[in-house]
Amino acid sequence: MTAVTDQDHTDHTDHAEETVSGEEGGSGGGGGAPVEGGAPDAVEAEEALEVAEPAEVVEAEEEVDVVEAAEADEGAGGQDSSVADPAGRAESAGAWDDGLIARRVNENAGGEPVAVVEARGAGAPVAAPLAYDGSLRSRLDALRELVGLSRTRLDSRTLAEAGRVLDEAAARRRLSGQHTVVAIAGATGSGKSQLFNALAGVTISETGVRRPTTAAPIACSWSDGSASLIERLGIPPRLRRRPLQSAEAEAQLRGLVLVDLPDHDSAAVQHREQVDRVLALVDAVIWVVDPEKYADAMLHERYLRPMAGHAEVMFVVLNQIDRLPGEATEQVLDDLRRLLDEDGIALGEYGEPGATVLALSALTGDGMGELREALGQFVAERGAPARRISADVDAAAWGLRPVYATGRRTGLSEEARDEFAVRLADAVGATAAGEAAERAWLRNANRACGTPWLRLWRWYQDRLEPTTGRFPLRAQAEEEATARQRVEQAVRTVADRASAGLPAPWAQAVREAAVRGSQGLPEALDELAARAGLPPGRPPRPGWWPAAVFAQASMTLLQVVGGLWLVGQIVGFMAPNLGVPVLLMVAGIIGGPLVEWSCRMAARGPARRYGMEAERRLREAAAGCGRARVLDPVASELLRYREVREQYGRVLGVEAGVR
């Protein structure tokens with residue numbers, strides 16, 4: 001066995017320092033994958049390799065391998081010989097140039113292949129960041145806007161998943177777009193670690209009958225520049241590996257970062273927590289099931305069914321088919337497809353997008369070629385990260401559907417607005433104010449056009465009526481209380497109509513806005529009634545009013561002249577002539593009431609118009625007050641809801657929005 005360190009550095013001093021730092025990273029995380037230790041002999045051998053002639057390099061390599069072969073023999077006892085074939089894999093496809101401490105197998109040595117350990121160095125290349133297409137960028141921007149508009153209306157727990165998706169999308173976008181991170185997940189005994197080793201061509205993850213075997217995630221990268229992606233998963237350098245170096249395997253799976261996860265049904269809680277954490281960060285997942293536990297309820301209910309929307313970045317592998325006799329493999333595979341269909345997972349068959357379902361045996365290698373080919377094509381497309389983020393956005397959007405979407409038309413209709421204004425006008429007494437204005441105009445007309453004797457009689461009657469009393473005061477207090485109740489009822493009615501059909505958080509926001517606006521509304525309406533009910537000064541007079549006043553004055557003058565004439569005749573001051581003064585008096589007595597009656601008939605129209613104008617002013621004032629205090633805040637909440645609903649439609653990819 002031969003071990004060399006492939007690092008593309010020109011400064012030998014820096015190279016030696018990076019090698020020492022890589023050695024201090026700790027030991028390997030699985031059996032058969034030991035990490036080079038910090039022994040002085042290894043450092044000296046490294047330095048010797050850098051300055052030796054080709055013949056000396058071989059000798060130094062053999063010396064270094066004496067220690068490494070002993071370490072490898074201790075940790076690789078559990079590896080099956082069928083996992084990887086060392087033939088033809090000793091020659092590297094190219095030097096690793098991102099600070100990797102690599103071990104590989106000598107062509108002339110017949111020993112077992114060993115894993116490579118990745119230790120990030122200062123010279124690691126930086127891969128091009130991931131680029132999202134315009135549609136996905138638009139959806140992410142809409143989701144960010146949606147969260148921003150909703151923070152004051154929804155609690156943080158409701159928006160937590162959407163915020164996590166935005167954070168993870170931004171974090172993934174800054175990292176390599178040339179790599180695809182694929183996790184291998186499965187239950188205890190499903191053979192996922194065996195499958196992981198078979199894909200890597202070397203024993204990396206420990207396998208065995210002890211359960212659980214895998215205690216922490218282990219990463220294996222087929223190309224350079226993936227260190228930042230693995231760091232994002234929280235996998236330490238001591239648990240990072242390289243596959244067996246083979247030009248064919250590297251070309252087929254270039255860009256793949258494979259992660260072996262602990263058992264999702266492990267008895268150790270921390271193992272399940274690590275599975276859930278890493279599954280939320282990887283670009284795709286290979287679910288490994290075995291013939292005994294492929295229908296496990298925990299797998300389907302906790303993972304597959306909730307992740308049904310991620311079918312395009314999902315592989316479902318039926319492992320251990322070597323244990324199934326005859327046509328049992330196809331029967332189990334058909335039943336597995338049926339269960340996946342019941343989970344809502346689309347199957348990628350007949351060219352349709354969906355999950356890839358395969359049957360294989362990691363132990364015998366049967367079906368491994370098909371998985372490698374499908375995985376290689378999947379990685380070569382470089383679309384998995386964007387599809388994973390898109391599926392996360394879909395899942396977050398559907399999780400938010402109850403707080404944004406509704407099946408009915410929402411909003412405040414004009415009919416509801418008009419009814420609210422009518423209720424406020426009734427509460428403020430607009431109709432009564434109009435009638436009072438009409439009576440005031442008629443009373444003024446009667447005073448101006450009525451006979452003086454009738455006005456004198458009315459004045460006397462007014463003097464006899466009491467000006468104060470307990471009953472009017474009590475009636476006024478009851479009227480004010482009734483008016484306040486009417487205002488509160490009007491606010492409740494319009495709030496209920498405005499919030500009808502809205503999701504609960506937005507309906508609550510609408511009702512709260514209406515209640516806040518109603519505070520002080522009765523007092524404001526009372527002030528408006530006092531200010532806008534009756535205009536100051538005398539009511540306007542029509543053009544015929546002066547003629548009517550002159551006619552009434554003439555009738556009164558005729559009565560006075562006729563009366564004085566008769567008195568003069570009685571006292572003997574004037575010659576007796578009863579005809580003329582009696583005629584004058586009769587004309588005045590009859591003409592005065594006739595003029596008053598005519599004026600009253602003529603005054604009805606102007607008085608009615610005056611009363612209606614006063615009522616209209618009060619209604620408009622009450623409606624304006626109610627609109628400013630209640631309707632505008634409610635409309636603002638409804639407008640915010642329409643905005644977030646439109647943004648939610650963009651998140652779903654529906655430009656017209658949703659109901």
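- Rounded to the nearest 0.5 angstrom, Arg172 CZ and Asp167 CG are separated by 15.5 Å.
- Side chains of Ser190 and Asn319: no donor on one and acceptor on the other come within 3.5 Å.
- Between the side chain of Arg238 and the main chain of Ile235, no donor-acceptor pair closer than 3.5 Å is present.
- Side-chain contact between Glu342 and Leu339 is present, with at least one heavy-atom pair separated by less than 4.5 Å.
- Side-chain atoms of Glu349 do not come within 3.5 Å of backbone N or O of Val357 as any donor-acceptor pair.
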Worked check of salt bridge (Lys or Arg N to Asp or Glu O under 4.0 Å) between Arg337 and Asp341: CA-CA 6 Å; Arg337 290 192 180 98; Asp341 184 66; over 6 Å; no
Output, in order, the C-alpha distance, side-chain angles, deciding distance and verdict of side chain to side chain donor-acceptor pair (under 3.5 Å) for Thr180 and Asp283. CA-CA 6 Å; Thr180 301; Asp283 301 326; 5.1 Å; no
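- With respect to the salt-bridge test (charged N to carboxylate O, under 4.0 angstrom), the residues Arg242 and Asp224 qualify.
- Each of Val285, Ile286, Ile184 was evaluated against Phe315; a single residue qualifies, Ile286, per the side chain to side chain contact (heavy atoms under 4.5 Å, CB included) test.
- Here the closest heavy-atom approach between residue Ala200 and residue Cys220 is recorded as CB-SG, 4.1 Å.
- A distance of 6.0 Å separates CH2 in Trp287 from CE in Met307, rounded to the nearest 0.5 Å.
- Comment: Arg137 does not engage Asp141 in a salt bridge, judged by the lack of any side-chain N to carboxylate O separation of less than 4.0 angstrom.
- Of the charged side-chain nitrogens involved, none lies within less than 4.0 Å of a carboxylate oxygen, so that Glu273 and Arg277 do not count as a salt-bridged pair.
- Without hydrogens or angle criteria, Tyr648 side chain to Leu400 main chain gives no donor-acceptor distance under 3.5 Å.
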Going through the checks in order, is the side-chain contact (heavy atoms from CB on, under 4.5 Å) test met by Asp392 and Glu168? CA-CA 10 Å; Asp392 287 344; Glu168 296 302 336; 5.8 Å; no
Between Leu261 and Leu279, is the side-chain contact (heavy atoms from CB on, under 4.5 Å) condition met? List the steps. CA-CA 9 Å; Leu261 297 179; Leu279 283 179; 3.8 Å; yes
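- Asp265 has its side chain within reach of Lys293: a pair of non-hydrogen atoms, C-beta onward, lies under 4.5 Å apart.
- Judged purely by atom type and a 3.5 angstrom limit, Arg272 uses its side chain to pair as donor or acceptor with the backbone of Ser266.
- With Val282 as the partner, the side chain to side chain contact (heavy atoms under 4.5 Å, CB included) test is satisfied by one option alone out of Val257, Val182, Leu233, Leu229: Leu233.
- The 12-atom threshold is not exceeded at CD of Glu373, counting heavy atoms of other residues, nucleotides or ligands nearer than 6.0 Å.
- In this structure, CG on Leu130 lies 9.0 Å from CD on Gln178, to the nearest 0.5 angstrom.
- The two residues Thr329 and Ala359 come nearest to each other via the heavy atoms CG2-CB, 4.1 Å.
- When all heavy atoms of Tyr132 and Ile389 are compared, the pair lying nearest together is OH-CG1, 3.6 Å.
- Side-chain contact between Leu258 and Trp222 is present, with heavy atoms from C-beta onward closer than 4.5 Å.
- More than 12 heavy atoms of other residues, nucleotides or ligands sit less than 6.0 Å from atom CD of Glu381.
- Within the 4.5 Å cutoff, side-chain heavy atoms of Leu371 are placed close to those of Leu195.
- At least one side-chain heavy atom of Glu231 sits under 4.5 Å from a side-chain heavy atom of Arg240.
- Side chain of His310 to main chain of Ala355: no donor-acceptor pair is present (N/O by atom type, distance under 3.5 Å, no hydrogens or angles).
- Look at Asp335 and Arg338 and you find a salt bridge, because one of the NZ, NE, NH1 or NH2 atoms lies within 4.0 Å of a carboxylate O, short of that distance.
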Apply side-chain contact (heavy atoms from CB on, under 4.5 Å) to Val313 and Phe378, showing your working. CA-CA 9 Å; Val313 291; Phe378 180 78; 4.3 Å; yes
Would you check, one step at a time, whether the test side-chain contact (heavy atoms from CB on, under 4.5 Å) holds for Arg323 with Glu292? CA-CA 10 Å; Arg323 299 167 51 191; Glu292 293 180 357; 2.6 Å; yes
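- The shortest heavy-atom contact between Ala162 and Val147 is CB-CG2, 3.9 Å.
- Formation of a donor-acceptor pair under 3.5 Å by the Arg157 side chain with backbone atoms of Glu161 is not found in this model.
- How far CD1 of Ile218 is from OG of Ser193: 7.0 Å, rounded to the nearest 0.5 Å.
- Side-chain contact between Arg372 and Leu253 is present, with at least one heavy-atom pair separated by less than 4.5 Å.
- Here the straight-line distance linking atom CG of Leu363 with atom CE of Met368 works out to 11.5 Å at 0.5 Å rounding.
- Side-chain atoms of Ser176 and Pro129, non-hydrogen and from C-beta on, never get closer than 4.5 Å to each other.
- No hydrogens or angles considered: a donor-acceptor pair under 3.5 Å links the side chains of Tyr303 and Asp276.
- Looking at every heavy atom in both residues, Leu318 comes nearest to Pro291 through CD1-N, 3.9 Å.
- One N or O on the side chain of Ser223 and one on the backbone of Gly255 form a donor-acceptor pair closer than 3.5 Å.
- Leu199 has its side chain out of reach of Leu256: every pair of non-hydrogen atoms, C-beta onward, lies at least 4.5 Å apart.
- A donor-acceptor pair under 3.5 Å is formed between the side chain of Arg232 and the backbone N or O of Leu281.
- For the 3.5 Å distance criterion, the side chains of Arg139 and Ser390 qualify, holding a donor opposite an acceptor.
- Taking both residues in full, the closest heavy atoms of Asp260 and Lys192 are given as OD1-NZ, 3.7 Å, listed atom of the first, atom of the second, then distance.
- Atom NE2 of residue His271 and atom NE2 of residue His264 lie 14.0 Å apart, to the nearest 0.5 angstrom.
- We find that Glu145 and Arg650 are not joined by a salt bridge, their nearest charged nitrogen and carboxylate oxygen being 4.0 Å or further apart.
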